[in-house]
Number of protein chains: 2
Amino acid sequence: MSATAPHAPSKLELLELLAAIGTAQWRDFAAAAGRYGLTSTQAKVLAQLEGPVPMRGLATLLACDASNVTGIVDRLEARGLVRREPSAADRRVKNVVATDEGRETIRRVREEMQATHGALDILDAAESATLYALLERLRPTMERTA
Amino acid sequence: MSATAPHAPSKLELLELLAAIGTAQWRDFAAAAGRYGLTSTQAKVLAQLEGPVPMRGLATLLACDASNVTGIVDRLEARGLVRREPSAADRRVKNVVATDEGRETIRRVREEMQATHGALDILDAAESATLYALLERLRPTMERTA
DNA sequence: GCAGATGTTTGATGTCATCAAGTACTTGGA
DNA sequence: TCCAAGTACTTGATGACATCAAACATCTGC
């Protein structure tokens, strides 16, 4: 192997590296959320709320049982980070909306993921673009099959 | 933007893509573990056991309280996937070792992460090597800062 | 307009996570 | 030597997360 040729990784090596990166990023996220008194699950929910999302939609996004979402949203609502709004179109549905405080909180959590920010700063523009393009290609299969 | 030039991603876009991939991989892992009646935490512990690891070491690897590990290992041990062995060097320490059945189980779990395997199959050897090299560079900062 | 499907909540139960306290052992000096 | 301080593990209390089953309101299609 020459000094400049990249290491040719086995699939298993690549899988483990991907897992390690994923784990580290999750820890970074959980730690940042913790500084605002949020569990990682609560922060994850907050991160989904660009717009109004029905309870059922949250359960699908989180890949968990709908009854689970009730308690999580209860706790977020009790802290004023989230609001339940009845849907105009379907009276069974309750849409969950982030409050201003909720939006601000999740913005800060993302901002404070220093391990992740620091790591991404290592790459130059071309490398970032390459990484982005490669991950973009993995994404559809990862998300569809799972 | 030309048709062949890769999209130049903002840091936030890259961060979100990385999070999406990480989430999908975790779901894939949890689903595979579930098929063997394991929670994702139990599977994660099993995945750490290449050799003997003291309880305390597991707590460090999982970034959780040591008292938490007691219960997780209790349940794995009750199912015969893991064994506690007293350390010869330090009688306070109990080393956790995967049994043959435990090793076989985690091997199958990894094998059955079809979303991840399927996604990685999309890349050719050169692309895999590029991705590996890029992630390798991110890794130290991600893990050290977190 | 009724039967079946869907959205949400409640209640029971099990796992994961923390902290505080207790026991057993090791270690570094006085 | 022997004791104080530290470390490894467990137990018990408590809260968050996860599932399932069941109840209830509402929607949909026939």
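Within every chain, numbering begins at 1; the chains are lettered A, B, ... in the order of the sequence lines, protein sequences first and strands thereafter. Hydrogens, waters and symmetry mates are skipped; everything else that's a heavy atom, side chains included, is used. Note that the coordinates shown come from a computational prediction; the quantities given were computed from them, not determined experimentally.
When rounded to the nearest whole Å, the span between CZ of B:Arg79 and C1' of C:dT15 equals 13 Å. Distance, A:Lys94 NZ to D:dT26 P: 11 Å, rounded to whole Å. Taking atom CG of A:Leu38 as the reference point, atom C1' of C:dT18 lies 16 Å away to the nearest angstrom. The distance between atom CG of B:Leu61 and atom P of C:dA17, rounded to the nearest whole Å, is 14 Å. When rounded to the nearest whole Å, the span between CH2 of A:Trp26 and P of D:dC17 equals 11 Å. Put simply, CG on A:Asn68 is 16 Å from C1' on C:dG7, counting in whole angstrom units. Here the P atom of nucleotide C:dT6 and the CG atom of A:Leu58 are 19 Å apart, to the nearest Å. Rounded to whole angstrom, the span from the CD atom of A:Gln42 across to the P atom of C:dA17 amounts to 15 Å.
Look at B:Thr39 and you'll find a side-chain N or O under 4.0 angstrom from OP1 or OP2 of C:dC16. Contact between the side-chain N/O atoms of B:Ser87 and the OP1/OP2 oxygens of D:dA8 is not found at any separation under 4.0 Å. The phosphate of C:dC16 has OP1 or OP2 within less than 4.0 Å of a side-chain N or O from B:Arg75. Residue B:Lys44 places no side-chain N or O under 4.0 Å from the OP1 or OP2 atom of C:dC16. Under 4.0 angstrom from either OP1 or OP2 of D:dG6 there lies no side-chain N or O belonging to B:Arg56. One finds a side-chain N or O of B:Arg91 lying less than 4.0 angstrom from the OP1 or OP2 phosphate oxygen of C:dT26.
Contact annotation: side chain of B:Arg92 to base of D:dT7, donor-acceptor pair present below 3.5 Å. Between the side chain of B:Ser67 and the base of D:dC9, no donor-acceptor pair under 3.5 Å is found.
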#### Entry: Test log, rule salt bridge (Lys or Arg N to Asp or Glu O under 4.0 Å), inputs B:Arg35 and B:Glu112
CA-CA 9 Å; B:Arg35 271 174 240 132; B:Glu112 285 190 23; 2.7 Å; yes
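B:Asn95 places a side-chain heavy atom less than 4.5 Å from the side chain of B:Val93. The side-chain heavy atoms of B:Arg84 and B:Asp74, taken from C-beta on, include a pair separated by under 4.5 Å. Looking only at side-chain heavy atoms (C-beta outward), A:Met142 and B:Gln25 come within less than 4.5 Å of each other.
Applying the side-chain contact (heavy atoms from CB on, under 4.5 Å) test between B:Val82 and each of B:Thr99, B:Val73, B:Val45 identifies B:Val73 as the sole match.
Of all nucleotides listed (C:dT18, C:dT9, D:dC9), C:dT9 comes nearest to the side chain of A:Arg84.
Checking B:Thr70 against A:Gly71, the closest nucleotide of DNA chain D that is more toward the 5' end is the one next to B:Thr70. In terms of position along DNA chain C, the nucleotide closest to B:Ala63 lies nearer the 5' end than the nucleotide closest to the other residue of the pair B:Ala63 and B:Ala89.
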